[in-house]
Amino acid sequence: MQRWILTMALALGGAAGCDDGGEGKGPGAAPQAELTAEQVVAKHLAALGGEGKLKATKTLVFRGEYQEGGSVDAFVAYRARPNKLRKEGTHEGKAFVKIFDGDKGWLAEGDAPMGPVPAEHAVKMKQHAEFDDALIDAAARGHKVELVGAEDVKGSKAYRLQLTLASGDVEQRWLDATTFLDVKRTVTFKDQAGAQKTKHVTFSDWREVGGLKFSFTSEGELDGKIGKVKILSIEVDGVIDPSKFTAQLSNTVAMAR
C-alpha cells in the first residue's frame, strides 16, 4: 500500500500544464523579493491554469509507467470529483485494481476477487482521492499554509511552503520563484505501524493539457527506494463510466489486463 501511495503522489501530486521554459512569462513574471503565503499560493494556482479552471475540472485520466530498479510497471489512474479514485495496472508481474468509491477502499490482486481494504488503509486512500490539491481552499478544509522563506533549489530560487494537513501530515513544498510550479516536495507522515516516514519527490517536464499544467516526470524516494513516474498521456474532463469506481463482483483485476 505504501508503494501505491508513493506512486499516486508521484503521478498526481503535481496536479495540473505548459512550462514557460523559465523565460519569466505568465503569472510568475519575475521572482519577488517578498511575498506572503497567500500570494505565493495564488501565483501557484494561476500557474497551474487558474483556481477557477482547477475547480471546474470534473475528471482526470492518467496513463503512465512506474519504474523502480530494473522493473517497469504500467498503470492507469482515473479520478472523479469529489473523491473517487481508481488505479489499475501491474506490480511485479501481477495485475491489480485499487478503488476508492467515495466512501470505502477496495482492492483486487492477481486472480483474487475484489475485497475491502482495512480501515486504516482506506483513510489514506480517501486523503489521496480528494480531487482538489490541498492548497485549494486550504483553511476551509482544515489545512494550514505557512511561507517558510526562499531557498536555492538546484541553482534556482524557490519559495518554500509548509503545509500542515488536517490529517496531521506535514508537507514541505518548493515552488520555482519564476514559474511558481512545483520543483520539490517532502511529506512527513506516520505509517500503519505508527512509525514516522519522510517521502521526497521532485517534479519536472511540465506540459499543458486541457488548459491545465501537469508534471509529466517525477522521482521519489521512500525508505531508501527510488521510484520514477513517467506520464504518457492525460485526459481532462473525459467521460468515465461510473462503474469504474464501483466494487462489483465482476470488477476484478481481469479488467486491468
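The first residue of the sequence shown is numbered 1, and numbering continues consecutively from there.
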Student: Taking all heavy atoms of A122 and all of G105, pick out the closest pair and write down the distance.
Tutor: CB-N, 4.1 Å
Student: Kindly state whether the ring of Y159 and the ring of F180 have centres lying under 6.0 angstrom apart.
Tutor: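 Centroid separation for Y159 and F180: below 6.0 Å.
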Student: Is there a continuous path of hydrophobic side-chain contacts, each under 4.5 Å between heavy atoms, that joins V41 to L35?
Tutor: yes
Student: What is the distance from atom CD1 of I99 to atom CG of L85, rounded to the nearest 0.5 Å?
Tutor: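 With rounding to 0.5 Å, CD1 (I99) is 9.5 Å from CG (L85).
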Student: Here's a test for you: under side-chain contact (heavy atoms from CB on, under 4.5 Å), which of L135, L45, D133 qualifies with L54?
Tutor: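 Of L135, L45, D133, side-chain contact (heavy atoms from CB on, under 4.5 Å) with L54 is met by L45 alone.
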Student: Between D132 and R141, what is the shortest heavy-atom contact and its length?
Tutor: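 Result for this residue pair: O-NH2, 3.1 Å.
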Student: Does one side chain, of D101 or W106, offer a donor that lies under 3.5 Å from an acceptor on the other?
Tutor: yes
Student: Between CH2 of W174 and CG of D182, what distance do you get to the nearest 0.5 Å?
Tutor: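 Reported value, rounded in 0.5 Å steps: 11.0 Å.
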Student: Which value, rounded to the nearest 0.5 Å, describes the distance between T186 atom OG1 and Q162 atom CD?
Tutor: 9.0 Å
Student: Kindly compute the distance separating OG (S218) from NZ (K230), expressed to the nearest 0.5 Å.
Tutor: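 Output value for this atom pair is 12.5 Å.
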Student: For the hydrophobic clusters of this structure (ILVMFWY residues joined by side-chain heavy atoms under 4.5 Å, transitively), does one cluster hold both V201 and V183?
Tutor: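 No, because V201 and V183 fall into different hydrophobic clusters, even though each may have its own neighbours under 4.5 Å.
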Student: As an exercise, state the distance from CD1 of I136 to CD of E130, rounded to the nearest 0.5 Å.
Tutor: 11.0 Å
Student: So, is the end of the R207 side chain (NZ or CZ) under 6.0 Å from the ring centre of F216 and within 45° of the ring's axis?
Tutor: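 Yes, R207 sits over the ring of F216.
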Student: Just to verify, which of K199, H143, K124 counts as forming a side-chain hydrogen bond (donor to acceptor under 3.5 Å, both in side chains) with D169?
Tutor: K124
Student: Checking E51 against K53 for the salt bridge (charged side-chain N to carboxylate O under 4.0 Å, His left out) test, could you report, in this order, the C-alpha distance in whole Å, the side-chain angles of both residues, the deciding distance, and whether it holds?
Tutor: CA-CA 6 Å; E51 185 172 356; K53 174 65 174 176; over 6 Å; no
Student: Looking only at the side chains, is there a donor atom on one of Q172 and R160 sitting less than 3.5 Å from an acceptor on the other?
Tutor: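 Judged by distance alone, the side chains do pair up.
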Student: Using the six-membered ring of F131, assess whether NZ or CZ of R79 lies under 6.0 Å from its centre and within 45 degrees of the ring axis.
Tutor: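 Yes - R79 lies over the ring of F131, closer than 6.0 Å to its centre and within 45° of its axis.
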Student: Is it true that the NZ or CZ of K98 lies under 6.0 Å from the centre of F96's six-membered ring and within 45 degrees of the ring axis?
Tutor: yes
Student: Working to the nearest 0.5 angstrom, can you tell me the gap between L222 CG and H200 NE2?
Tutor: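 Atom-to-atom, L222:CG and H200:NE2 are 9.0 Å apart.
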Student: Would you check if the side chain of T59 reaches a backbone N or O of G238 as a donor-acceptor pair within less than 3.5 Å?
Tutor: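 It does hold such a pair.
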Student: Any sub-3.5 Å donor-acceptor pair from K55's side-chain atoms to G50's backbone N or O?
Tutor: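 Judged by distance alone, no pair lies under 3.5 Å.
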